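Basis for what follows: all heavy atoms, side chains included, without hydrogens, waters or symmetry-related copies. What you see is a predicted model; the values in this text were computed from it and never measured.
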Amino acid sequence: MSTQCVEIQKSARGIRRISKFYKSFVIFVQFFGGHYRTIEDFGHTVEVASDGLEGINKFFEFMPEIVITDYIMPNMNGVHLTRFIRSYPQFKNVGIAILTAENESINPFWAKESGANLFLQKNLDREEIIERLKKFCERDYTIEWSIEFYKIRKEPYGELVDVLEERLRDEIITSKIFSMLQYIEDEEYLLNNFFNMSINFFEPRSIHVLLITLSEGRIYSYSRDNEKFSLEHVKEKLFEDLKRPVTPSNWKYVGNFSKDGRRLNNVKSFVLVHNGIEQGVILFEDVERENDFKKNLNVALEPLGLISKILNVFSDFKIKVEFDSLTKVYNKQFIISKLNELLKMHRRQKLPLSIAMIDIDDFKKINDTYGHIKGDEVLKQFSKLIKEGLRESDYLGRYGGEEFLVIFPATSCFDAKKVIERILDKVNMYNWKEELGIEKVTFSAGVCCDLSKTAHGLINMADEKLYRAKKNGKNQVVGGE
């Protein structure tokens with residue numbers, strides 16, 4: 001593979017000597033007020049630029065893998081030029097060397113922080129400078145090049161103000177994306193904000209996001225007209241470009257999905273990556289401002305990759321802290337905390353709130369007869385059946401052992417009891433024998449809605465009704481009158 005090299009330098013002496021060692025270089029460009037044009041002896045083309053601004057234009061024209069720049073140049077110094085190049089993710093692996101005079105106010109720390117790979121002062125011995133530049137050029141530098149990216153950079157920068165405007169635009173986009181981290185605790189709200197921001201930039205018809213870890217996969221779909229989508233098709237499109245997809249234990253879907261929902265058209269897909277690890281995928285459908293979209297997405301992908309990593313880490317942390325590892329429903333600590341929070345809110349708003357305590361009948365007998373591994377399978381399936389019978393706004397937690405607590409926000413005792421009775425029928429009708437080899441599973445439950453009680457007082461009252469259900473013969477619901 002051939003390598004292109006750009007030099008941005010006020011003095012070109014010694015360049016020919018370096019180029020002799022690199023016959024694989026197809027293009028050897030230098031940006032400075034020099035006089036070299038073509039080094040035909042060695043097969044290298046030399047392009048001349050009078051200052052840093054022209055240098056940037058030629059950089060985008062030739063897409064070199066290596067840049068050698070002076071620190072002091074007309075219109076733009078070497079650090080500013082380096083930072084501008086590094087603002088594009090495609091150029092993160094371009095080799096950049098900064099050369100400076102002894103008395104110039106730049107040091108290795110600032111050169112490195114700007115994104116330079118090498119910093120050289122010109123007061124060094126000439127042979128040493130050439131030798132170090134030789135070694136620098138021997139390294140493996142690359143551009144993550146694409147024809148789409150090249151097309152959007154075909155227009156030259158006419159003035160320094162154009163470069164500054166582009167840099168300011170990039171910083172605004174990056175800043176807006178990172179500002180969304182204030183909503184890290186509400187992933188859905190954060191992504192909804194990103195969708196609204198995207199509409200302002202390039203007016204997509206819809207956006208679909210996949211965030212994925214081994215613990216959980218989350219799919220979010222947003223559209224301008226609240227359209228219905230085929231979840232199966234959206235999921236298929238999101239997974240198309242993943243090179244190393246993982247299989248999460250659980251899935252969460254947020255969006256307007258239905259079996260007869262429409263399929264996606266004219267989709268642009270981008271894998272969200274951080275430190276080389278895939279964090280998810282983002283799809284844009286029917287983008288209207290094509291050129292703006294490409295420019296802005298090239299800038300946005302790196303911060304989006306970092307945000308997706310943070311969201312995934314936070315999601316995994318929440319799962320460990322809030323969920324029971326066996327049943328995948330909320331754990332005791334979280335469900336009691338949620339009950340306290342909802343009790344205060346419902347008292348202020350004078351809204352009803354009900355709870356139910358559920359306990360599997362004769363669970364010890366199941367463990368003794370079939371073993372604890374089979375007992376764990378029963379707990380997992382049982383919690384799944386309860387969850388399927390609840391509304392999205394209800395909360396289910398494992399209170400301890402085979403006992404579960406359900407919270408029904410804005411629900412009367414009567415309605416809560418009806419829900420639990422439907423779940424009881426569902427559990428009774430489930431074919432435990434065929435699915436798990438268990439003869440039968442039933443439960444007893446107590447329902448309570450006395451908002452004058454504390455959280456623990458409410459739970460105790462529901463427990464008392466649960467005890468009455470057990471005493472009355474089990475497999476029934478007490479309370480809700």
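- The main-chain N or O of N226 is found under 3.5 Å from a side-chain atom of N256 such that the two form a donor-acceptor pair.
- For the pair K332 and Y399, the cation-pi test (distance below 6.0 Å, angle within 45°) is passed.
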Enumerate donor-acceptor pairs with a distance under 3.5 Å from any side-chain N or O in residues 172-181 to protein atoms, sequence neighbours excluded.
from	atom 1	to	atom 2	distance (Å)
T174	OG1	D170	O	3.0
S179	OG	K176	O	2.6

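- Other residues, nucleotides and ligands place more than 12 heavy atoms under 6.0 Å from the CZ atom of F239.
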Evaluate ring-ring contact (aromatic ring centres under 6.0 Å, His included) for F194 paired with Y189, printing each intermediate quantity in order.
CA-CA 9 Å; F194 176 72; Y189 185 75; over 10 Å; no
Can you list the steps and then say if E285 with N265 is a side chain to side chain contact (heavy atoms under 4.5 Å, CB included)?
CA-CA 6 Å; E285 182 187 29; N265 300 294; 4.1 Å; yes
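- The shortest distance between side-chain heavy atoms of M345 and L351 does not fall below 4.5 Å.
- Residues forming a disulfide (SG to SG under 2.5 Å) with C448 (at least two apart in sequence, or on another chain): none.
- Looking only at atom types and distance, the side chain of S258 has a donor-acceptor partner in the side chain of D260 under 3.5 Å away.
- Side chain to side chain, D324 and N331 fail the donor-acceptor criterion of an N or O pair below 3.5 Å.
- Environment of CD in E185: sparse, with no more than 12 heavy atoms of neighbouring residues, nucleotides or ligands closer than 6.0 Å.
- Between the CD1 atom of I360 and the OG1 atom of T442 there is a distance of 9.0 Å, given to the nearest 0.5 Å.
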Steps toward salt bridge (charged side-chain N to carboxylate O under 4.0 Å, His left out) verdict (E138, K135):
CA-CA 5 Å; E138 285 171 349; K135 289 180 179 178; over 6 Å; no
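- I219 is not listed as a side-chain neighbour of V254, based on a closest heavy-atom distance of 4.5 Å or more.
- Applying the ring-ring contact (aromatic ring centres under 6.0 Å, His included) test to residues at least two apart or on different chains, the pairs with a partner in residues 378-398 are F382-F404, F382-F443.
- In plain terms, the two heavy atoms of K417 and V477 that are nearest each other are CE-O, 3.7 Å.
- When side chains are defined from C-beta on, Y141 does not count as touching V67, because their heavy atoms never get closer than 4.5 Å.
- Put simply, CG on L458 and CD1 on I355 are 4.0 Å apart, with the number rounded to the nearest 0.5 Å.
- Other residues, nucleotides and ligands contribute only 12 or fewer heavy atoms inside 6.0 Å of the NZ atom of K418.
- Minimum interatomic distance between S114 and V79 (heavy atoms only, all atoms of both residues): CB-CG1, 3.6 Å.
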Could you walk me through whether L190 and N192 pass the side chain to side chain contact (heavy atoms under 4.5 Å, CB included) check?
CA-CA 5 Å; L190 184 153; N192 189 61; over 6 Å; no
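- Taking the side chain to side chain contact (heavy atoms under 4.5 Å, CB included) definition, one finds that S269 meets it with D241, V281, L283, sequence neighbours left out.
- Between I459 and L339, the closest side-chain pair of non-hydrogen atoms falls below 4.5 Å.
- At a threshold of 4.0 Å, the pair K374-E377 counts as salt-bridged, since one of the basic side-chain nitrogens sits closer than that to a carboxylate oxygen.
- Looking at I423 and L390, their side chains come closer than 4.5 Å, going by heavy atoms from C-beta outward.
- Distance OG1/T82 to CZ/F91: 13.0 Å, rounded to 0.5 Å.
- Proximity of R398 to Y330: side-chain heavy atoms (C-beta onward) are nowhere separated by under 4.5 Å.
- Other residues, nucleotides and ligands place more than 12 heavy atoms under 6.0 Å from the CD atom of E203.
- A salt bridge is defined here as a Lys NZ or Arg NE, NH1 or NH2 lying under 4.0 Å from an Asp or Glu carboxylate O, and R205 with E227 meets this definition.
- Remark: side-chain polar atoms of H80 are not paired, donor with acceptor, to backbone N or O of M76 under 3.5 angstrom.
- At a threshold of 4.0 Å, the pair K235-E232 does not count as salt-bridged, since none of the basic side-chain nitrogens sits closer than that to a carboxylate oxygen.
- Closest of all the heavy-atom pairs between V441 and N428 is O-OD1, 4.2 Å.
- Between D394 and R391 a salt bridge is recorded (basic side-chain N to carboxylate O distance below 4.0 Å).
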Pair up each side-chain donor or acceptor in residues 302-319 with any protein partner under 3.5 Å, not counting sequence neighbours, and list the distances.
from	atom 1	to	atom 2	distance (Å)
S308	OG	L304	O	3.2
S308	OG	G305	O	2.7
N312	OD1	R218	NH1	3.0
N312	OD1	R218	NH2	3.0
N312	ND2	Q279	O	3.0
N312	ND2	Q279	OE1	3.0
N312	ND2	S308	O	3.4
S315	OG	E216	OE1	3.3
D316	OD1	T213	OG1	2.9
D316	OD1	S215	OG	3.4

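- One finds the CG atom of N93 at 11.0 Å from the CD atom of E65 (value rounded to the nearest 0.5 Å).
- Considering CG of L379 and NZ of K328, their distance stands at 13.0 Å, rounded to 0.5 Å.
- Looking only at side-chain heavy atoms (C-beta outward), I199 and R224 come within less than 4.5 Å of each other.
- A donor-acceptor pair is defined here as one N or O able to donate and one able to accept, closer than 3.5 Å; such a pair exists between the side chain of H233 and the backbone of L264.
- Looking at S337 and N340, their side chains never come closer than 4.5 Å, going by heavy atoms from C-beta outward.
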Begin with the C-alpha distance, continue with both residues' side-chain angles, and end with the deciding distance and a verdict on side chain to side chain contact (heavy atoms under 4.5 Å, CB included) for F229 and R263.
CA-CA 6 Å; F229 297 99; R263 295 163 68 87; over 6 Å; no
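- Pairing each heavy atom of A416 with each of T411, the nearest pair is N-CG2, 3.7 Å.
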Trace of the side chain to side chain contact (heavy atoms under 4.5 Å, CB included) decision for V94 with R86
CA-CA 8 Å; V94 167; R86 291 290 191 231; 3.9 Å; yes
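- With sequence neighbours left out, the ring-ring contact (aromatic ring centres under 6.0 Å, His included) criterion links F257 to no other residue.
- In this structure, E188 and Y222 approach most closely via the heavy-atom pair O-OH, 3.1 Å.
- Residue R83 qualifies as open at atom CZ: its count of foreign heavy atoms under 6.0 Å is 12 or below.
- Rounding to the nearest 0.5 angstrom, the gap separating the NZ atom in K387 from the OG1 atom in T327 is 8.5 Å.
- Across all their heavy atoms, I358 and A445 have their closest contact at CG1-CB, 4.0 Å.
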Kindly indicate, with the supporting measurements, whether the criterion side-chain hydrogen bond (donor to acceptor under 3.5 Å, both in side chains) is fulfilled by S206 and H208.
CA-CA 7 Å; S206 68; H208 309 267; 2.9 Å; yes
